[in-house]
Amino acid sequence: MTSYDQIMKLALERGFYFPSCEIYSDAPAGFWEYGPMGANMKYKFIALWRRELIRRDSMIEIDGSQIMSKSVFEASGHLLNFSDPLVECKNCNSIFRADRYISEKIGKAIPEGTSEIAMNSMIAENHIRCQNCKGEFKPVTRFNMMFKVGIGSSHDEAYLRPETCQTIFVDFSRVFKTMRGKLPLGIAQIGKSFRNEIAPRQSLLRLREFYQAEIEVFCNPERLNEMPKFDEVRNTRLNLYDDEYHRDITAYDCLDQGLLPNKLVAYYLALLTEFYGKTGIDMKRTRFRRLADDEKAFYSLVAFDFEVETSIGWLELVACNYRADYDLKGHSSISNHNLEVIEPTNQTKVLPHVFELSMGIDRSLYTILEHCYYEDFRHDDRVVLRLNPYLAPITFGVLPLMSKTIMVEKSRAIHSLLKRDFDSVYDESGSIGRRYRRLEEIGVPFAITIDQQTLVDDTVTVRYRDSMEQERINTGELKKFLEDKSAVV
RNA sequence: GCGACGGUCGUCCAGUUUGGUCUAGGACAUCAGAUUGCCAAUCUGGUAACCCGGGUUCAAAUCCCGGCCGUCGCACCA
């Protein structure tokens, strides 16, 4: 069984995630639910993200609408660019990407933005037919990956946002003013985005409805190397990959050797590296890959994907795009609002540029599960999810050594003292060994066991998931003990 | 979206070839009880499934058609 299958099995059996609407046979692909364990883990992942990125860098966070008006996506370019021209064979229904197919057949490049009409004439003039069955093609159509929705009784045209950042851009002016912003400023958002993928696959890795955590750093393009806080991360080590690997190289050296364009970009890539280092992902299996021009999104000037190696290959977790003034310029022009801000040092107006860190939460959670999954062949092949305590969906379990004794009553009392401060479970069912194994499998880092001695001196044992070692703790000190042990370090 | 293959308890699998013996079987998991009392012990009992819709037939998990989902390949992935 591959690692992906093992994680899938664990997710289904233990309530991390499972298909949406699964009791109905018309449940569409690409929609998944987080069960109790997955939802808890997601909350903790977000808490870590806030701590290590938002608070650390003094960013500000908003929470915007998922449905946005048509004009937003005219301005953002998604109505035009976020779609593919397709041709379909009348005979065998094969579907091809129209521009690429024509260009392949006539040996000439088809420019972006070529109209459907023009492409239809090219097909006719060059007698292009289906390569599978020689059938004729239906007229070229466009498939837009945004979900269209109708608002109100008149069904006014609007769309589910295909990326969370568009709300940040349209809110930028008000947020910047009301929060007394100064460049560079990170504005962040966590939420759902929606893309009508043609073929969603692999559970959490390619969804039609998914969580993003996006950070848009607004900056003055003239001052990308004025970053005093860069010194905090100058020795942070990154893995870069362009034509060749540059492993374990400090942020400072990346700049020095011209591998990264400026201090602002280097600073945020380093910050992101430090964040992911705390998630339990094996950083030796990660890299920032610089994208070639033909791989980049239409709005991106320079792009680095933060990728991680998993059982199904390299997986993109974060897209880091230098979007320049693409978005603010577009929104400014379509909305007729001036989105420039004042640069305080010389009182000049500037339209900020944007460097974006666009993180896929679902993919990140999957990767954490996979990298933390461990089969301990020295102890009955036990399965241990070695999650960092601050990301574990459950922090501890309370277990009476024996059921049907006064230990049960004592255990419940101890659980009551702690359950409001932590995510926890109480379990008296089955042998003590079986209960430890159940907790290990869902990554519970600590097991508190109430035994004979507890009744005598009010101490309990705390068992560590990974080492299986135990230590005795006074019940009065448990809360502090657990807080200390599950703190982010 | 195309093509190939597949879909049976929470999970994995048997049964489908050759329709009836399937009131659908097993393992693990889970629940209750007994027993034990610090690392998946044992025993007893229980809960629990034929992806959905239509068709053929005296009879469908099994054959046929359509849909949905999954895996892989192609294409797609702003």
Side-chain angles (χ1 to χ4, degrees), chain A residues 1-2 4-6 8-15 18-31 35 73 76-89 91-98 100-101 112 130-133 141 143-146 161-163 165-166 193-203 205-208 210 295-300 303 305 312 315-316 319 321 358 360 376 378-383 399-405 407 429-441 447 449-453 460-461 463 465 468-470:
Chain A
M1 207 193 300
T2 69
Y4 174 83
D5 292 328
Q6 289 172 313
M8 193 67 237
K9 184 170 191 259
L10 181 70
L12 289 171
E13 284 184 337
R14 299 297 180 208
F18 49 87
S20 181
C21 310
E22 62 175 336
I23 65 168
Y24 287 102
S25 61
D26 63 350
F31 299 90
F73 302 108
S76 72
H78 283 88
L79 276 172
L80 191 66
N81 294 306
F82 196 55
S83 64
D84 294 326
L86 301 174
V87 277
E88 185 176 354
C89 172
N91 185 39
C92 70
N93 298 325
S94 294
I95 289 189
F96 303 93
R97 173 82 188 258
R100 292 195 188 170
Y101 194 80
E112 281 278 319
C130 174
Q131 63 187 20
N132 295 345
C133 73
T141 54
F143 175 73
N144 194 289
M145 302 245 294
M146 285 194 292
R161 62 185 178 189
E163 48 179 9
C165 60
Q166 289 307 323
S193 290
F194 304 83
R195 296 177 190 180
N196 201 357
E197 297 283 353
I198 294 168
R201 258 172 216 191
Q202 288 170 317
S203 61
L205 304 186
R206 195 150 166 223
L207 297 160
R208 286 184 165 132
F210 58 101
E295 290 182 290
K296 290 184 310 193
F298 60 84
Y299 46 67
S300 184
D305 277 357
I312 55 147
L315 180 67
E316 175 193 341
N321 291 303
S358 173
D376 184 357
R378 281 196 255 176
H379 298 99
D380 310 311
D381 301 353
R382 68 182 186 137
V383 169
L399 318 171
L401 184 61
M402 299 174 224
S403 59
K404 296 182 192 60
T405 63
M407 285 177 205
S429 158
S431 73
I432 191 68
R434 174 181 292 272
R435 282 178 275 161
Y436 287 147
R437 294 295 148 84
R438 275 199 288 249
L439 294 178
E440 291 162 350
E441 200 180 7
T449 306
I450 284 75
D451 58 12
Q452 293 289 353
Q453 201 178 327
V460 295
T461 63
R463 173 187 183 272
R465 174 194 64 202
M468 300 170 66
E469 283 165 6
Q470 290 180 300

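Since this is a predicted model, take the numbers as computed values, not measurements.
Between A:Leu12 and A:Arg438, the residue anchored closer to the 5' end of RNA chain B is A:Leu12, taking for each the nucleotide with the nearest heavy atom. When each of A:Asp380 and A:Arg208 is assigned the nucleotide of RNA chain B bearing its nearest heavy atom, the one mapping closer to the 5' terminus is A:Asp380.
Comment: A:Glu440 engages A:Arg382 in a salt bridge, judged by a side-chain N to carboxylate O separation of less than 4.0 angstrom. Using a 4.0 Å cut-off between charged nitrogen and carboxylate oxygen, A:Glu469 and A:Arg463 do not count as a salt-bridge pair.
Heavy atoms of A:Ser76 sit nowhere under 4.0 angstrom from any nucleic acid atom. Within 4.0 Å of A:Thr461, counting heavy atoms only, lies at least one base atom of the nucleic acid. As judged by a 4.0 angstrom heavy-atom cut-off over every strand, A:Glu316 is placed among residues making no nucleic acid contact. Looking at heavy-atom distances under 4.0 Å, A:Ala199 makes contact with a base. If you check every strand for non-hydrogen atoms under 4.0 Å, A:Pro28 touches sugar and phosphate atoms only. Note on A:Gln452: nothing from the nucleic acid sits closer than 4.0 angstrom, heavy atoms only.
A 3.5 Å limit on both hydrogen-bonding distances identifies no Watson-Crick or G-U partner for B:C76. Partner assigned to B:G45 is B:C31, using Watson-Crick or G-U wobble distances below 3.5 angstrom.
For the atom pair A:Leu207 CG and A:Gln202 CD, the distance stands at 11.0 Å (nearest 0.5 Å). Note that the CZ atom of A:Arg437 and the CZ atom of A:Arg434 stand 10.5 Å from one another [nearest 0.5 Å].
The CD1 atom of A:Ile23 sits 13 Å away from the P atom of B:C50 (whole-angstrom rounding). Between the OH atom of A:Tyr4 and the C1' atom of B:U71 there is a distance of 10 Å, rounded to whole Å. One can place NZ of A:Lys9 at 11 Å from C1' of B:A27, the figure rounded to the nearest angstrom. Here the C1' atom of nucleotide B:C69 and the CD atom of A:Gln202 are 15 Å apart, to the nearest Å.
For the pair A:Arg161 and A:Phe194, the NZ or CZ position fails the cation-pi test of under 6.0 Å to the six-membered ring centre and within 45 degrees of the ring normal.
Here the separation of B:A60 from B:A41, taken at their C1' atoms, is 44 Å to the nearest Å. Rounded to whole Å, the separation between the C1' atoms of B:G20 and B:C2 comes to 40 Å. Using C1' as the reference atom, B:C52 and B:G7 are 12 Å apart when rounded to the nearest Å.
Side-chain proximity of A:Ile432 to B:C38, B:C72, B:A40: nearest is B:C38. When each of B:G70, B:G37, B:A40 is scored by its nearest atom to the side-chain atoms of A:Ala29, the top-ranked nucleotide is B:G70. Out of B:C38, B:G10, B:G70, the shortest distance to the side chain of A:Glu13 is found at B:G10. Minimum atom distance to the side chain of A:Ser25 is reached by B:C52, of the listed B:C31, B:C52, B:C39. Checking B:C77, B:G70, B:C2 against the side-chain heavy atoms of A:Arg201 singles out B:C2 as nearest. Comparing atom distances between the A:Met468 side chain and each of B:C39, B:A32, B:G37 picks out B:C39 as nearest.
Under 4.0 angstrom from either OP1 or OP2 of B:A29 there lies no side-chain N or O belonging to A:Arg14. Look at A:Arg434 and you'll find a side-chain N or O under 4.0 angstrom from OP1 or OP2 of B:U30. Contact between the side-chain N/O atoms of A:Ser431 and the OP1/OP2 oxygens of B:A41 is found at a separation under 4.0 Å.
Listed here is the closest heavy atom pair of A:Gly430 and A:Arg435: O-NE, 3.0 Å. Across A:Ser203 and A:Tyr4, no two heavy atoms sit closer than the pair OG-OH, 2.9 Å.
Counting distance only, with no hydrogens placed and no angle test, the side-chain atoms of A:Arg463 and the base atoms of B:C39 include a donor-acceptor pair under 3.5 Å. Within 3.5 Å, no donor on the side chain of A:Tyr24 pairs with an acceptor on the base of B:C52, nor the reverse. Side-chain atoms of A:Asp26 stay outside donor-acceptor range of the base of B:C52, with no qualifying N/O pair under 3.5 Å. You'll find a donor-acceptor pair under 3.5 Å spanning the side chain of A:Gln470 and the base of B:C38, going by distance alone.
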